[in-house]
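A note on names: the letters A, B, ... follow the listed sequences, proteins ahead of strands, and every chain is numbered from 1. A quick note: this is a predicted structure, and the numbers were derived from the prediction, not measured.
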Amino acid sequence: MKYFWSGVIVLLFGFLLADFLLGEPRVATRAGMELGSAPLAKNSVVPLVAFVHSLHGDSIGLTCVNCHSGAKTEARAFMPTKADCMDCHRLPLTEKPGIEALDSAMKTAPEEPWVHKNVLPPHVVFHHGVHAAAGVDCYDCHTARPGVEQDVYGGESFRMQDCLDCHRGVNPQGKFKPAATYCGACHR
Amino acid sequence: MDRREFLKLCMTMAAGFTLFGCRSGGLTDKLSGPALKDFEDEVRRAMAQMKPGFRLVKVPMPGEMKFSPADRENRFGMAIDLDACDGCGKCILACNQENNVPLVSESLAKQGRFMHWIELRDGIPTMCFHCSDAPCEKVCPTGAANHTPDGLSAMMYKRCAGSRFCGANCSVQARKFNYEDARSLGHAKQFNPQVPLRDKGVMEKCSLCIQRLQNDRMNFKANAGLAGVVGAKSGPAGGTMGGTMVGKNSWRGKGLQTACAMACPKHAIIFGNWLDESSDLVKEAKVRNLYAPEGIAKLDPSVVYMRGRR
């Protein structure tokens with residue numbers, strides 16, 4: 001009985017401490033707060049072999065839509081599934097020594113290797129297809145910026161000012177004519 | 001139990017509760033939220049606490065908005081057939097589910113302060129009338145309440161600072177204020193992922209299912225409207241502020257319905273485009289007498305009542 005109470009206390013505090021540390025974080029309640037603290041999606045996987053956009057781009061004649069099938073027509077651009085990758089990668093594509101590591105990584109990859117978490121707050125509407133239809137190219141928005149790794153697309157932090165600049169027709173290239181700027185066009 | 005053990009127990013419990021209180025998020029965050037039945041019960045309760053109605057006066061058929069920004073092709077609105085409506089309240093529940101309208105606490109419910117965007121007043125479904133000369137928008141200090149060119153009195157929740165001036169200036173009390181944080185109280189349920197949940201201290205009201213309009217317009221412009229959008233780029237400035245191109249390929253919101261209109265078993269609520277002669281809304285409204293509450297009748301409402309035939 002000597003250690004009974006200490007045991008109870010340790011057990012209780014252990015549970016509470018675990019709950020305190022591992023419990024789900026409180027939901028942010030004001031504008032934009034969700035963005036910075038967004039945790040990675042639970043089923044996201046760090047790829048064993050890094051994906052390099054430049055190896056999959058113009059050099060082999062692929063466009064964004066070949067893998068991101070919704071980019072020109074749908075609201076979301078979509079991430080490719082493993083099946084999409086395997087369309088090409090079931091064949092030995094190069095002689096480079098790295099290809100074996102890639103092949104084995106592909107074998108063990110889950111069906112949906114990339115889980116993209118939508119970074120748009122729920123009150124913002126963005127439709128890729130509308131912008132594509134208006135002649136906006138993917139890289140007009142998705143370009144590498146200072147401080148952003150050259151190969152990362154889609155991870156940019158877009159600000160409303162970026163949207164508005166273009167929609168007001170003051171985009172640097174003067175490429176696009178003004179578009180809707182009333183609140184209800186993009187917010188709900 | 002001796003004195004020593006009793007004190008130990010007290011200390012342990014006090015420390016435990018303190019630590020539990022310190023953790024991020026309360027107990028309620030863990031709950032999955034209210035059940036559908038809670039929403040049904042609340043609608044029933046709101047109907048039992050029926051509010052008095054408004055005096056209705058005749059209004060002309062809504063046409064193009066007289067106030068900027070106005071779209072020449074689209075002005076969305078509704079007509080509610082009071083001869084068909086039997087006040088069943090199914091529209092209220094459908095609206096709550098479509099727009100994730102939260103429940104309210106007992107203290108607010110007692111005062112009749114439900115968040116429902118549609119309420120029955122004297123048996124008549126009443127919601128925001130989307131006046132084109134909206135008094136609520138004129139007094140908004142932050143511009144959160146504003147108008148879309150296609151006739152919606154829209155509400156930008158993230159801009160709202162909660163002054164409640166808009167609610168005070170609305171003569172039909174269509175605006176509902178989030179007195180409490182519905183999410184942390186476990187009063188909110190996200191039935192529809194397309195609509196964001198509102199924060200505490202934000203005004204909300206009927207949006208005329210703006211999410212459905214936005215989705216449909218964007219899908220149209222991305223696919224079927226492709227030719228129209230590209231064609232207008234080279235031509236003269238044919239677009240309005242809404243971005244809708246005037247012409248054969250323009251978007252008119254055909255086939256769209258609000259949640260309440262879809263839920264109405266008597267088809268008493270008709271949603272449509274007031275500027276589209278071929279819409280059911282215009283066809284029906286042409287042969288009926290149109291009414292609106294006296295307080296907003298002169299403000300060119302987009303939502304009207306129908307009663308009797310012309």
**Message:** Return the NZ to NE2 distance between B/K221 and A/H131, rounded to the nearest 0.5 Å.
**Reply:** 9.0 Å
**Contacting moiety of B/M218, where chain A heavy atoms sit under 4.5 Å** = both
**Prompt:** Counting only heavy atoms not in A/M86, do more than 12 fall under 6.0 Å of its CE?
**Reply:** yes
**Message:** For A/R188 and B/N99: C-alpha separation, side-chain torsions, deciding distance, then whether side-chain hydrogen bond (donor to acceptor under 3.5 Å, both in side chains) applies.
**Reply:** CA-CA 11 Å; A/R188 51 173 66 151; B/N99 294 298; over 6 Å; no
**Asked** Should the heavy atoms of other residues, nucleotides or ligands under 6.0 Å from CZ of A/F15 be counted, would the total exceed 12?
**Response** no
**A/H127 side chain reached by B/N219 side chain, heavy atoms, under 4.5 Å** = yes
**Fill in**
To the nearest 0.5 Å, atom OH of A/Y182 lies from atom CG of B/D150 at 5.0 Å
**Item:** Contacting moiety of B/S207, where chain A heavy atoms sit under 4.5 Å
**Value:** neither
**Complete:** Note: B/A222 and A/T73 closest approach over all heavy atoms is CB-O, 3.7 Å
**Asked** B/E5 side chain to A/W5 main-chain N or O, any donor-acceptor pair under 3.5 Å?
**Response** no
**Fill in**
For A/H187 and B/I210, the nearest pair of non-hydrogen atoms, with its separation, is O-CD1, 4.2 Å
**Prompt:** Does B/Q194 reach the main-chain N or O of A/P122 with its side chain, forming a donor-acceptor pair under 3.5 Å?
**Reply:** no
**Asked** So which of A/L17, A/V125, A/L12 has the largest heavy-atom pair count under 4.5 angstrom toward chain B?
**Response** A/V125
**Asked** If you round to the nearest 0.5 Å, how far is NZ of B/K8 from CD1 of A/I9?
**Response** 7.0 Å
**Prompt:** Atom OG1 in B/T12, atom CG in A/L11: separation rounded to 0.5 Å?
**Reply:** 12.0 Å
**Prompt:** chain B contacts: which residues in residues 74-82 of chain A have a non-hydrogen atom closer than 4.5 Å to it?
**Reply:** none
**Asked** Less than 4.5 Å apart, any side-chain heavy atom of A/H123 and any of B/Y157?
**Response** no
